[in-house]
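Per chain, numbering begins at 1; letters A, B, ... match sequence-line order. Quick note: numbers below take in every heavy atom, side chains included, and nothing from hydrogens, waters or symmetry partners.
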Number of protein chains: 2
Amino acid sequence: MTSTTEPRKVRADARQNLDALLTAARTVFARAGVDAPAREIATEAGVGVGTLYRHFPNRAELVAAVFTSEIDATAAAAGELLAEHPPKEALDLWITRFTRFVATKQGLSAALRSGDPAFDALPALLMGKLGPALASLLDAAAAAGDIRDDVDPLELLQAVGDLSHRAPSADGTPNPMVRLLLDGLRAR
Amino acid sequence: MTSTTEPRKVRADARQNLDALLTAARTVFARAGVDAPAREIATEAGVGVGTLYRHFPNRAELVAAVFTSEIDATAAAAGELLAEHPPKEALDLWITRFTRFVATKQGLSAALRSGDPAFDALPALLMGKLGPALASLLDAAAAAGDIRDDVDPLELLQAVGDLSHRAPSADGTPNPMVRLLLDGLRAR
DNA sequence: CCACTATACGGAACACTGTTCCGTTTATGC
DNA sequence: GCATAAACGGAACAGTGTTCCGTATAGTGG
């Protein structure tokens, strides 16, 4: 094994450019949505498009990289909320947080929904990290008898994402349709 | 007034080409979804792209034209269902029908959700025709006390559309998340 | 400190979109 | 038939994502 600790030399400028790209992408995505042209991101980072594609196989991977930390934070929030609130309340709070995350990222849900194979990495990332988080919340709430127990976490996650695309949520409230969906979860 | 009955001569070949375009578009959309390239549709119709754009200002208008008759039929179904079934049942049946319509048209909901201004005509068409249809169903069900009365028909329509994008619905059943949404409608 | 080489860079070039433009063809009315 | 306005075809334009490759350079062994 030549890989774990000591081996390949990563050129310093490469590392710098990668950081610059991530920062630039974050900025541009916030300003113009995830559909922003690759050239614009490269320019913002002060590099050529070739450099962008050297670091990421395609735009979608860049999007995934940019959102990874926030996705991790959102996933982690599930455990915290569960520790501090009753199960159903924790679930509602987490959904609200997730809703805000999706709504905040212009075009994120559009990308998720697009079906474009270029964005395959995105759903995989979201589902992989957030699926288990939501599952834990659903299990807790179901165990408490607050909600039905036959809901697929991934389907629900996808659905909430789909419904959250236009929620300015000035006050951070999830949109009415998400609420309706959550009402539908209640045990009867 | 030179417009009502006798005036402008519509060249026969123009009318033929328009029909050919609509037929071709229907075929291509079914095969490759509404995102199919304009050139492909023109070729299928045996005309040049210029001709396509002579008849439709942009691709979205063509999509709208292709789906208009089906949309009209779906809207009309609301009244029929309402005449033959109890309100809540009529509502559920209509939603199922609408779901199937959306799911059947590859990429339709994606286009709706895209926010792309090019597709402005599409939501306008759907909302304009189907909104009132759904409103009548909701009103009837709310009057019967079956569901809450504070639901915006357009929002619900949009939401169901958003949720229906991947529902093969082998058996014609709406997907589980749409069901959850409908459960949320129930008066409490 | 220098030369050398693998690494990384930049941006022109390619393939594919939607859409526009305009020279050519053709249906129609006389 | 002829003239003419309508309609056509497809080349051309603008804007994507992505690839390619000649050039520049960081790191290293002498």
Side-chain angles (χ1 to χ4, degrees), chain A residues 2 6-22 24-25 28-29 32-66 106-107 110-111 114-122, chain B residues 2-3 6-22 24-25 28-29 32-66 107 110-111 114-122:
Chain A
T2 52
E6 51 105 330
R8 69 277 309 265
K9 329 79 182 315
V10 195
R11 256 171 67 168
D13 58 344
R15 172 104 246 135
Q16 273 183 353
N17 279 330
L18 198 157
D19 287 347
L21 277 168
L22 285 173
V28 173
F29 288 162
V34 294
D35 286 336
R39 281 168 183 73
E40 187 176 337
I41 297 163
T43 301
E44 172 86 22
V47 305
V49 281
T51 301
L52 190 163
Y53 282 93
R54 159 165 293 273
H55 289 288
F56 303 94
N58 52 50
R59 272 189 52 272
E61 290 287 344
L62 174 55
V63 174
V66 166
Q106 278 188 58
S114 71
D116 185 338
F119 282 103
D120 273 357
L122 228 7
Chain B
T2 51
S3 55
E6 52 106 328
R8 69 276 308 260
K9 330 74 184 315
V10 196
R11 257 171 67 167
D13 58 344
R15 171 106 245 134
Q16 273 183 354
N17 279 330
L18 198 157
D19 287 348
L21 277 168
L22 284 173
V28 173
F29 287 163
V34 294
D35 286 335
R39 280 167 183 73
E40 187 175 338
I41 297 164
T43 302
E44 172 86 21
V47 304
V49 281
T51 301
L52 190 161
Y53 280 94
R54 159 164 292 272
H55 290 289
F56 304 94
N58 52 50
R59 271 189 51 270
E61 291 286 345
L62 174 55
V63 174
V66 166
S114 72
D116 185 338
F119 282 103
D120 273 356
L122 229 4

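The closest side-chain heavy-atom distance from B/T51 to B/F56 is not below 4.5 Å. For the pair B/L22/B/L62, a side-chain contact is recorded, criterion being any heavy-atom separation below 4.5 Å from C-beta on. Between A/R59 and A/Y53, some side-chain heavy-atom pair lies under the 4.5 Å cut-off.
Taking only distance into account, the side chain of B/R59 never meets the base of C/dT19 through a donor-acceptor pair shorter than 3.5 Å. A donor and an acceptor atom sit less than 3.5 Å apart, one in the side chain of A/R39 and one in the base of D/dG17. Counting distance only, with no hydrogens placed and no angle test, the side-chain atoms of B/R11 and the base atoms of D/dA7 include no donor-acceptor pair under 3.5 Å.
Of all heavy-atom pairs between A/V28 and A/A36, the closest is CG1-CB, 3.4 Å.
Interatomic distance, CZ of B/F29 versus CG of B/D35, reported as 9.0 Å (0.5 Å rounding).
Rounding to whole angstrom units, CG of residue B/N58 and C1' of C/dG18 are separated by 9 Å. Between A/L62 atom CG and D/dT16 atom P there is a gap of 16 Å when expressed in whole angstrom units. Rounded to whole angstrom, the span from the CD atom of A/E40 across to the P atom of D/dT16 amounts to 8 Å. Nucleotide D/dC20 holds its P atom 13 Å from the CZ atom of A/R54, rounded to whole Å. Residue B/E61 contributes atom CD, which lies 10 Å from atom P of C/dT19 at whole-angstrom precision. In this structure, B/D13 atom CG and D/dA5 atom C1' are separated by 12 Å, rounded to whole Å. Atom CZ in B/F56 sits roughly 15 Å away from atom C1' in D/dA7 (whole-Å rounding). Atom CZ in A/R15 sits about 13 Å away from atom P in D/dG27, given to the nearest Å.
At D/dA7, none of the side-chain N or O atoms of B/N17 fall inside 4.0 Å of OP1 or OP2 (strictly under the cut-off). B/T51 has no side-chain polar atom (N or O) that falls below the 4.0 Å cut-off from OP1 or OP2 of D/dA7. Look at A/H55 and you'll find a side-chain N or O under 4.0 angstrom from OP1 or OP2 of C/dC9. Applying the 4.0 Å criterion to OP1 and OP2 of D/dT18, one finds that A/Y53 has a side-chain N or O inside that range.
Comparing B/P57 and B/A12 along DNA chain C, the residue whose closest nucleotide (by nearest heavy atom) sits nearer the 5' end is B/P57. With the nearest nucleotide of DNA chain C identified for both A/L18 and B/V49, A/L18 has the one nearer the 5' end.
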